[in-house]
Enquirer: 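Starting off with a structure, shown below.
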Amino acid sequence: MSPEEYVEEVLCLVERIPPGRVMSYGAIADYLAERSGRASARRVGSIMAQYGGAVPWYRVVSGAGRLPPGHEQEARARLMEEGVVFRGPRVAIADYAWWPEAAG
DNA sequence: GGGGTGACCCAGT
DNA sequence: TACTGGGCCACCC
C-alpha cells in the first residue's frame, strides 16, 4: 500500500465515524493495520494534522479522550453539538468509542 | 547514514 | 489524577 493510499484510508475511515461517536488515533491505526499491514497512532496523528481539515477531524481524539492541541475549543463545541458528554477537558471516550461494523 | 521531532500509547510512580 | 520514561513509525534537516 502506497503512502497516498494509506492517507485516503485514514480520511475515508474518519468520514465514516457517525455523529455523536468518536475514534482514537490508536483505534484508527489498529483498524488500518488489518488492511495495510502496518500502522501507528503517531502516523495517524501526523496525517490528521495535514489532511484532517477535509474530514470530521473533531470526531478523532486521543486514547485518553483528549482533544487535538490548538483546536480544543473547536472540537469541544462540535462534539457537544452532537450530544457528546465531556469529562472535564476530556471526552468520555469509553462511552462514545466507535468501531466500523463492516470491515470491508 | 545520523539525529531530532510529532494532533500517540502503555506502564510505572 | 498528574508526571515521567520507553516504544513505536515516518518525515525532515
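Letters A, B, ... mirror the listed sequences (proteins, then strands); counts begin at 1.
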Enquirer: Rounded to whole Å, how long is the line connecting atom CZ of A:R66 with atom C1' of B:dC10?
Expert: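 Rounded to whole Å, this separation is 14 Å.
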
Enquirer: With a 4.0 Å cut-off on heavy atoms, is A:S62 in touch with a base, just the backbone sugar-phosphate, or nothing at all?
Expert: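 Sugar-phosphate only.
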
Enquirer: Would you mind reporting whether A:H71 and A:W57 have side-chain heavy atoms less than 4.5 Å apart?
Expert: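 Touching, per the 4.5 Å side-chain cut-off.
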
Enquirer: Specify the separation, in whole Å, of atom CG of A:D30 and atom P of C:dC9.
Expert: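 It is 13 Å, rounded to the nearest whole Å.
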
Enquirer: Between B:dA7 and C:dC13, how many Å separate the two C1' atoms, rounded to a whole number?
Expert: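 Looking at atom C1' only, B:dA7 and C:dC13 are 22 Å apart.
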
Enquirer: Of all heavy-atom pairs between A:I93 and A:S62, which one has the smallest distance, and what is that distance?
Expert: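 Result for this residue pair: CD1-O, 3.6 Å.
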
Enquirer: Starting at OH of A:Y31 and ending at P of B:dC9, how long is that distance when rounded to a whole Å?
Expert: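 Result: 19 Å.
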
Enquirer: Would you say the side chain of A:D95 lies within less than 4.5 Å of the side chain of A:V85, judging by non-hydrogen atoms?
Expert: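 When only atoms from C-beta onward are counted, A:D95 and A:V85 do not touch, as no gap falls below 4.5 Å.
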
Enquirer: Just how far, in rounded Å, is P of C:dA2 from CZ of A:R90?
Expert: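 Spelled out: CZ on A:R90 to P on C:dA2 is 7 Å.
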
Enquirer: Which one, B:dC9, B:dA7, C:dC9, comes nearest to the side chain of A:S40?
Expert: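 Selected nucleotide: C:dC9.
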
Enquirer: Send over the distance from A:L79 CG to B:dA7 P, rounded to a whole Å.
Expert: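 Whole-Å distance recorded here is 19 Å.
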
Enquirer: Expressed as a whole number of angstroms, how long is the span from A:R42:CZ to B:dG6:P?
Expert: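 That distance rounds to 9 Å.
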
Enquirer: Do A:R59 and A:E82 meet the salt-bridge criterion of a basic N to acidic O distance under 4.0 Å?
Expert: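 Yes.
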
Enquirer: Would you mind classifying the nucleic acid contact of A:R43 as base, sugar-phosphate or nothing, using non-hydrogen atoms under 4.0 angstrom?
Expert: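 If one applies the 4.0 Å heavy-atom cut-off, A:R43 turns out to touch the sugar-phosphate alone, with no base involved.
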
Enquirer: Rounding to an integer number of Å, can you tell me how far A:I47 CD1 sits from B:dC8 C1'?
Expert: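 So the CD1-C1' distance, A:I47 to B:dC8, works out to 13 Å.
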
Enquirer: Between B:dA7, C:dG7, B:dC9, spot the one nearest the side chain of A:P69, thanks.
Expert: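 Nearest to the side chain of A:P69 among the choices is B:dA7.
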
Enquirer: Could you check how far CD of A:E4 sits from P of C:dC11, rounded to whole Å?
Expert: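 So the two atoms are 11 Å apart, to the nearest Å.
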
